[in-house]
Amino acid sequence: MIDTVKIIETNLAEVRMKIGSNAEASGRTAADVKLVAVCKYFGSDVTAAVVAAGCGEIGENRPQALWSKALELSSLDVRFHQIGHLQRNKVRRTIGCIDMLHAGDSLRLLNSISAESVKQGIVTQILIQVNISGDQNKQGFKPNEVESVLENVAVMPNIDIQGMMTMAGLQSDPSKTQREFAELRELRESLFSRCPDNVSLRHLSMGMTRDYELAVREGATIVRIGTGLFAGIPRV
Ligand SMILES: *Cc1c(COP(=O)(O)O)cnc(C)c1O
């Protein structure tokens, strides 16, 4: 029988080491970068093994899977991140289960999260998703829309905009990928001084298995890593 926890521990250690060396290359430390383990390819058993291996930040793409894992793993020290698109009809059930939504991708969604958060008496932490690469298939606001999004957000109660999230384009040229991550960092710097009270922009969620080292170099404070943590674990 394979020891799932041990394999994930080994993979986690390697990823954390690379996060650390790239953080240092950008004048920071490993502690400045939060690792979200994306467990969307696996069920609750493997997800529980990730928590046992030492990572309590779990990313999910599909809200239904997140709801059931939140129930099944409720006794563990775990925080869930909804990293994929959230339909408005799933807002009510999702916001109470998550630490953060990474995919704030429309004003209608932000408005409905605000209204539902008021009803439930909670404050929901959200990242604005930005489509830096301009890829037609990607969700998110255009970079030049973000300033007006923040103006709109200023009057929405019970939401806390903690930063921005992006996915790099699928290009094979790493210098282009790095440029896209740098653009999100520069966008944040240009908006910092104009943030309303419920917007802090402290986080940049960028980088997945194929490009997290570049993302950390360019200032990522959160990386979302799936595949790289599960080498050696069979997908059922
Ligand atoms: C699946 C996914 C990831 C993780 O991708 P890997 O290549 O498995 O590391 C990160 N971010 C989002 C938005 C995803 O959907």
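Order of appearance sets the numbers: ligands from 1, and atoms from 1 within every ligand. All values reported here derive from a predicted model rather than from experimental measurement. Count residues from 1 along the sequence.
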Ligand 1 contacted by K40 (non-hydrogen, < 4.0 Å): yes
Contact check, Y41 vs ligand 1, heavy-atom distance below 4.0 Å: yes
Under 3.5 Å, is there a donor-acceptor pair between the side chain of Q125 and the main chain of D99? yes
Does the Q82 side chain pair with the main chain of G84, one donor and one acceptor, at a distance under 3.5 Å? yes
Would the distance check show the side chain of N11 and the main-chain N or O of L229 forming a donor-acceptor pair, the cut-off being under 3.5 Å? yes
One finds that the ligand 1 atoms under 4.0 Å from a non-hydrogen atom of N61 are 15 (O)
Nearest protein heavy atom to atom 9 (O) of ligand 1, by residue and atom, and its distance? T209 OG1, 2.5 Å
Please state which protein non-hydrogen atom is closest to atom 11 (N) of ligand 1 and give its distance, to 0.1 Å? R224 NE, 2.9 Å
Any donor-acceptor pair under 3.5 Å linking the side chain of S26 with the backbone of E218? no
Say whether G226, considering both its backbone and side-chain N or O atoms, lies within less than 3.5 Å of an N or O atom on ligand 1. yes
Main chain of N158, side chain of S114: is a donor-acceptor contact present, judged purely on distance under 3.5 Å? no
Proximal candidate to atom 13 (C) of ligand 1 [heavy atom criterion; set D211, V15, I83]: I83
Short side-chain to backbone donor-acceptor contact, R188 and G163, under 3.5 Å: no
Does ligand 1 come near enough to R210 that some N or O of the ligand is less than 3.5 Å from an N or O of the residue? no
As an exercise, identify every atom of ligand 1 less than 4.0 angstrom from a heavy atom of T227. 6 (P), 7 (O), 8 (O), 9 (O)
Do the rings of Y41 and F230 sit parallel, tilted or perpendicular, given the 30° and 60° boundaries? perpendicular
